[in-house]
Every structure is written in C-alpha cells, then in structure tokens.
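Each chain gets a letter, A, B and so on, in the order its sequence line appears, and its residues count up from 1.
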Protein chains: 2
Amino acid sequence: MAITTEDEGLDAMFGALADRTRRDIVARLAAGDATVTELAAPYPMSVQAISQHLGVLERCGLITRGRHRQTRPCRLEPLALEAAMSWIQESRRTWAERMDLLEAHLDRLREDRQQ
Amino acid sequence: MAITTEDEGLDAMFGALADRTRRDIVARLAAGDATVTELAAPYPMSVQAISQHLGVLERCGLITRGRHRQTRPCRLEPLALEAAMSWIQESRRTWAERMDLLEAHLDRLREDRQQ
DNA sequence: GTCTTGTTTAAGTATCTACTTGAGTTACTC
DNA sequence: GAGTAACTCAAGTAGATACTTAAACAAGAC
C-alpha cells in the first residue's frame, strides 16, 4: 500500500504517532533495533497486535523490517520524522512571521503617536 | 473534557493533526484568526462538520475560541505544537546519540587495527 | 416581540481502528 | 522428514471517527 500525496503521507504519519503503543515502539527503536517478540514483551497484548502496529509504522516509512533467521529485526528510519517536523515548523514559522509583522505595525503606531 | 496525562495529550495532538482538513485549518489560522464560517467556506462539507473539527483542535489545546457578536473567532495557540515537536525531537536525539556512539566505537576499532 | 445570521448540540450512519483468536508461513533444530 | 520458534495473515468485533441532517442556542436587526 503505497502512499501517494504529501497529504496522505502526513495523514499516515500523524495517524501512526497518535497511538501511545506506536510512539513507545518508535522511542524504543531510537535506542536500538529490535525484533517483534522483543518489542511485544512489555505490552499486555498479543504479538499479532504488535505486528500490526509495526505494519502501520512500516507503511508510513517510520521503520523498515529486515530478515535474520526466523526474526524480523525492526529499524527506525528517523528521516521519515522530518516530514512531520517540517509541517509543524512551517505552521510555527508562518505564525511567528505574522507576530513580527504585528510587532512592527505596533512599533510604527507608537512612533507616529510620539511625533 | 480535560486532557490528563502527557500520553493522552500527545494521542489527542497527533490524532488532531492526522486529518488533512484540520491541518489545513491550523495552517490557515497560523496566517491569522478566522471565524467558523470563514474557515468552512473552502470545504465541500457542512459548517457543522468544520465546527466539530474545531472542537477537536480546541480539546487538544491547538486553538482557542473567543466571542465577538454572533461569531466565534478562532485563534491558533502555537505553543501547543511544542509538545508534538518535543516528542519528535527527543526520538531524533536518542537516535543521533546512538549513531554517535556507534561512530565512536567504529573509530576505536579502526585505531586498534592500526596498532 | 419576530426574523436572520452564526454557531453548537444531538442523533444517525458508514467507515476506520485496535484489538482478538485461529490458521498459515518461514526458518531453524533434531 | 517432524517439531518448534518467530512471525504474518485472515476474519471477527467493540469502539472511535468523520461526516450527515435536524434542532437548539446566541446575538444582533427590525
């Protein structure tokens, strides 16, 4: 299931991060690669459920899964996080710009008043 | 409906950002405050649907709604975005740290080999 | 007061999501 | 080969989500 547009990519990315278990897994993988069984161990849910969470993370590009003997070692792809990051930063940037303009505007008003 | 733990806050925040319409609205509000009707205009859905989206954004702290005559002007609260931002940055930081350690480890191996 | 505009609330529905259990696949061990 | 471990796939289900329309509410205009 390929992700086509940027919007769909962000939908999938933010959607993936909207689940505590998946955020946990991402944080865990930031510290080092791990297998499905290792990742599932801390949680009171089935290994299948974790496997499905990993599917979600893989589909949005946040992780990749290799093959080593019977295991599927999971690895974080931190570059994928940049997409989410940039979106947030862009909104912040626009907002900050507007605040600067407002500030400049108020400064001009103050100057005019003093003349 | 108050958000209690940090995890629930992030669930709600990322969940809110996982919808294209809501991301659009946030981007729009970064450029300036707007009323519900103004925000709803570009979309082929009912004003009620947009009002519900605004409810989601308000509940996770991304926007606040004031009152002016019959309208409810919406304002972005960009500080709320910091929570999502920090979470991403923390994961990246952990990953980068590990890569540095790995790099240092490989450097030592290379030195040992040269002796 | 009635009427209109802007918005929220309520109720219904179709689709999606996060799990479950059971069966199937892959790769190693004996 | 049979048996086992690690994992995925498939089908089912409870609850969430994104809309809809209809009704209620809020605030000003008349």
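Proximity of A:Arg72 to the phosphate of C:dT26: no side-chain N or O atom is located under 4.0 Å from OP1 or OP2. Phosphate contact (OP1/OP2 of D:dT8, side-chain N/O of A:Ser51, threshold under 4.0 Å): present. Taking only side-chain nitrogens and oxygens, A:His53 comes nearer than 4.0 Å to OP1 or OP2 of C:dC19.
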Throw together a table of side-chain donor-acceptor distances under 3.5 angstrom for residues 74-86 of chain B, partners on residues two or more places apart or in other chains.
from, atom 1, to, atom 2, distance (Å)
B:Arg75, NE, B:Asp33, OD2, 2.8
B:Arg75, NH2, B:Asp33, OD2, 2.6
B:Glu77, OE2, B:Thr64, OG1, 2.9
B:Glu82, OE1, A:Arg92, NH1, 2.9
B:Glu82, OE2, A:Arg92, NH1, 2.6
B:Ser86, OG, B:Glu82, O, 2.5

For residues 38-52 of chain A, please give each side-chain donor-acceptor pair under 3.5 Å, one per line with the distance, not counting sequence neighbours.
from, atom 1, to, atom 2, distance (Å)
A:Glu38, OE1, A:Thr35, N, 2.9
A:Tyr43, OH, A:Asp24, OD2, 3.2
A:Ser46, OG, A:Ala49, N, 3.2

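Put simply, CD on A:Glu8 is 13 Å from P on C:dC16, counting in whole angstrom units. Regarding A:Arg59, its CZ atom lies at a distance of 12 Å from the P atom of D:dT8, rounded to whole Å. A straight line from CG of B:Asp11 to C1' of C:dT17 spans 13 Å, rounded to a whole angstrom. We find that CD1 of B:Ile50 is positioned 16 Å from P of C:dG6, with the value rounded to whole Å. What separates CG of A:Leu57 from P of C:dT17 is a distance of 14 Å, to the nearest Å.
For DNA chain C, none of the residues of residues 24-33 of chain B falls under the heavy-atom distance limit of 4.0 Å.
Among the nucleotides C:dC19, D:dT8, D:dG28, the one closest to the side chain of B:Arg69 is D:dG28. With D:dT8, D:dA18, C:dT8 as the candidates, the nucleotide lying closest to the side chain of B:Asp19 is D:dA18.
With sequence neighbours excluded, no residue satisfies salt bridge (Lys or Arg N to Asp or Glu O under 4.0 Å) with B:Asp100. Every residue was checked against the side chain to side chain donor-acceptor pair (under 3.5 Å) condition with B:Gln89, not counting sequence neighbours, and none meets it. In this structure B:Asp11 satisfies the salt bridge (Lys or Arg N to Asp or Glu O under 4.0 Å) test together with A:Arg23, sequence neighbours excluded. Scanning for side chain to side chain donor-acceptor pair (under 3.5 Å) contacts around A:Arg28 gives an empty result, with sequence neighbours left out.
With respect to the salt-bridge test (charged N to carboxylate O, under 4.0 angstrom), the residues B:Arg108 and B:Glu111 do not qualify.
The salt bridge (charged side-chain N to carboxylate O under 4.0 Å, His left out) pairs that include a residue from residues 65-74 of chain B are B:Glu58-B:Arg65, where partners are two or more places apart or lie in different chains.
Both A:Arg22 and B:Thr35 lie close to DNA chain C; mapped to their nearest nucleotides by heavy-atom distance, the more 5′-ward contact belongs to B:Thr35.
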Contact string for nucleotides 20-26 of chain D, one letter per nucleotide 5' to 3', B = base within protein heavy-atom range under 4.0 Å, S = sugar-phosphate only, - = neither, reads BBB---S

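With hydrogens and angles ignored, the 3.5 Å screen pairs a side-chain donor or acceptor of B:Arg98 with a backbone N or O of A:Ala30.
Note on B:Arg20: nothing from the nucleic acid sits closer than 4.0 angstrom, heavy atoms only.
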